[in-house]
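Since we're looking at a predicted model, the values are computed, not measured.
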Amino acid sequence: MKMKTTLFVAAIIVATATSLFTLEQASAARTPDMMFVDMLYLQPGVDESQVEEYFSRIEPVVAKHGLKRVGSFKVTQKMRGSIDPDFMNLWVVAGPQTFEGIFGDEEYKQHVPFRNSTFDMERANMFMLVPTYVTVNFPAAHSAKR
């Protein structure tokens, strides 16, 4: 009986340690070094459904370069400031090479006309971010191996 209890306690200790290690690793992997936010204006007359259509088209292309959208938001009220975008997106970025890879990708370039017919890119606001305080775990952005 003492042997079974000892084995049971040892199994619980190993399981707890493994779980804590896994949580720690997941948490570390989910604190991004870089993020990106874009604030976008729709072209006149564009239906809002076209927004998600565009992002679903480019998602696999940008993902292979290390860009992952973690949130998309329709702006419903302007509280203050000089810009008034229709949509905002929050992205996790794998590294500084991410956008160079995306903008040089021939597959991405095929989606640029649809992007430009959806969004007024002249009015878009885009910012690279370095997190200084994070309370949310974000999925990791993965760079493609070529």
query: Between E52 and R69, is there a salt bridge with N-O shorter than 4.0 Å?
result: yes
query: Passes side-chain contact (heavy atoms from CB on, under 4.5 Å), I83 versus M39? Steps please.
result: CA-CA 9 Å; I83 61 173; M39 300 173 196; 3.3 Å; yes
Mind checking side chain to side chain contact (heavy atoms under 4.5 Å, CB included) for [X] and listing every partner two or more places apart, or none if nothing turns up?
X	answer
P131	P32, M35, V134
V46	L42, Q43, Q50, T118
E59	none

statement: So CZ of F103 and CG of D105: to nearest 0.5 Å the spacing works out to 11.0 Å
query: When rounded to the nearest 0.5 angstrom, what distance separates CZ in F99 from CE in M34?
result: 8.0 Å
- request: Using ring-ring contact (aromatic ring centres under 6.0 Å, His included) as the criterion, list what pairs up with Y41, not counting sequence neighbours.
  value: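 Y41 satisfies ring-ring contact (aromatic ring centres under 6.0 Å, His included) with no other residue.
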Indicate the atoms forming the closest heavy-atom contact of [X] with [Y], along with that distance.
X	Y	result
V75	F87	CG2-N, 4.2 Å
R115	Y54	CB-CE1, 3.3 Å
P139	V92	O-CG2, 3.6 Å
A94	A141	N-CB, 3.7 Å

message: Please list all pairs meeting side-chain hydrogen bond (donor to acceptor under 3.5 Å, both in side chains) that have one or both residues in residues 76-87, counting only residues at least two apart or in different chains.
response: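 Sorted pair list comes back empty.
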- prompt: Between W91 and F138, is the ring centre distance below 6.0 Å?
  reply: no
message: One pair to check against side-chain contact (heavy atoms from CB on, under 4.5 Å): I102 and L67. What are the steps and the verdict?
response: CA-CA 9 Å; I102 292 169; L67 186 64; 3.7 Å; yes
- prompt: Is D33 atom CG crowded by more than 12 heavy atoms from other residues, nucleotides or ligands, each under 6.0 Å away?
  reply: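 Open: at most 12 neighbouring heavy atoms sit under 6.0 Å from CG of D33.
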- prompt: Is there a side-chain contact between F114 and I58 (heavy atoms, below 4.5 Å)?
  reply: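 No, side chains not in contact.
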Side-chain polar contacts of residues 121-129 - donor-acceptor pairs under 3.5 angstrom, sequence neighbours left out - could you list them?
residue, atom, partner, partner atom, Å
N125, ND2, R123, O, 3.2

task: Show the numbers, then the answer: is there a side-chain contact (heavy atoms from CB on, under 4.5 Å) between L40 and N89?
output: CA-CA 8 Å; L40 302 170; N89 295 286; 3.6 Å; yes
